[in-house]
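As structure tokens, the structure follows; a few thoughts come after it.
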Amino acid sequence: MKIQRQHVTLIVALAGALALSACGKKEEPAPPPAATPAPAPAPTTPPPAATPAPAPVAVASVDLGNAVDAEGKKVTAPMTTFAAKDTIYAAVSTTGSAPTATLTAKWTYQDGQLVNSSDQPLAPNGDAVTTFHIAKPDGWPAGNYKVEILLDGKSVATKDFSVK
């Protein structure tokens, strides 16, 4: 009977536990698990520093001479007085960048009489030199001359010179 007694004790203990749980205060449902915080965004590299816009094209200088370097760009010896049979060069130095631009050289004699006018299109990307020239194999008349440089139709520089 020893075995039965142990069974009875066990059954009574279980019945008591069930009774207590049925009579007791109902437990509140467990709160839902706290939401997992979203992962912190991965560190991003800062955006690159803004690059300044390229400077617009501008004429830096105009040099006159009767000879240019081997590349045919820069005047080898700047001068303002020429001989009658000289070829006269105007080397126009520009700075800045642009997808397109046009340089014009207008050469005039004495009272504004047009000797020559020529255009050169360019697409500069930094410093550049553009060369214009005039020549007259039978010789230039003595007197005062001027070359006017225009950038996209706007006058930006002039240089006076003479032929003796």
Side-chain angles (χ1 to χ4, degrees), residues 25-164:
K25 178 179 168 186
K26 285 194 172 187
E27 285 187 32
E28 301 224 0
T36 308
T44 58
T45 52
T51 19
V57 178
V59 170
S61 65
V62 177
D63 292 321
L64 300 177
N66 61 0
V68 290
D69 63 12
E71 293 177 9
K73 296 279 185 182
K74 295 181 181 178
V75 167
T76 54
M79 57 179 49
T80 57
T81 302
F82 297 88
K85 294 195 177 192
D86 280 347
T87 295
I88 303 168
Y89 295 91
V92 181
S93 298
T94 55
T95 59
S97 300
T100 62
T102 301
L103 280 176
T104 303
K106 284 187 179 180
W107 306 82
T108 55
Y109 173 65
Q110 302 275 84
D111 58 357
Q113 178 184 354
L114 185 65
V115 172
N116 184 299
S117 179
S118 60
D119 297 327
Q120 289 197 39
L122 46 137
N125 189 13
D127 296 351
V129 178
T130 304
T131 305
F132 297 91
H133 71 278
I134 54 172
K136 189 168 181 174
D138 57 343
W140 296 106
N144 295 317
Y145 293 78
K146 181 189 329 189
V147 61
E148 179 182 19
I149 304 300
L150 295 96
L151 175 61
D152 293 330
K154 295 178 184 139
S155 181
V156 292
T158 59
K159 278 283 191 170
D160 295 322
F161 63 98
S162 60
V163 173
K164 300 208 178 202

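Heavy-atom basis, side chains included; hydrogens, waters and symmetry copies ignored.
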Could you pull out the closest heavy-atom pair between Pro124 and Ala101, with the gap in Å?
CD-CB, 4.5 Å
What closest approach, in Å, do Ala90 and Leu64 show between heavy atoms, and which atom pair accounts for it?
CB-CD2, 3.7 Å
Rounded at 0.5 Å granularity, tell me how far OG1 in Thr80 sits from CG in Asp63.
11.5 Å
Nearest atoms (heavy-atom pairs only) where His133 meets Tyr89
CB-CD2, 3.5 Å
List for me each residue that meets side-chain contact (heavy atoms from CB on, under 4.5 Å) alongside Gln120, sequence neighbours excluded, and say none if there are none.
Thr130, Phe132
Residues in side-chain contact (heavy atoms from CB on, under 4.5 Å) contact with Ala128, at least two apart in sequence or another chain
Thr94
Out of curiosity, Asp138 CG to Lys85 NZ, how far, rounded to the nearest 0.5 Å?
7.5 Å
So, for Asn66 and Phe82, which heavy atoms are closest and what is the spacing to 0.1 Å?
N-CE2, 3.7 Å
Would you tabulate the side-chain donor-acceptor contacts of residues 150-164 under 3.5 Å, counting partners in other chains and residues two or more places apart, or write 'none'?
from	atom 1	to	atom 2	distance (Å)
Asp152	OD1	Thr102	N	2.8
Ser155	OG	Glu148	OE2	2.7
Lys159	NZ	Val62	O	3.3

If you look only at pairs with a residue in residues 108-129, which of them pass as a ring pair (Phe, Tyr, Trp, His ring centres under 6.0 Å), with sequence neighbours excluded?
Tyr109-Tyr145
Give the intermediate values and the outcome of side chain to side chain contact (heavy atoms under 4.5 Å, CB included) for residues Leu103 and Val59.
CA-CA 9 Å; Leu103 280 176; Val59 170; 4.1 Å; yes
State which residues pass side-chain hydrogen bond (donor to acceptor under 3.5 Å, both in side chains) with Asp119; sequence neighbours excluded, sorted by chain then number.
Thr104
Heavy atoms only: give me the nearest Ile149-Ala105 pair and the separation to one decimal.
CD1-CB, 4.0 Å
Heavy atoms of Lys73 and Ala91 approach each other most closely as O-CB, 3.4 Å
Excluding sequence neighbours, so at least two apart, what forms side-chain hydrogen bond (donor to acceptor under 3.5 Å, both in side chains) with Asn125?
Ser97
Does Ile88 offer a backbone N or O that forms a donor-acceptor pair with the side chain of Asp86 under 3.5 Å?
no
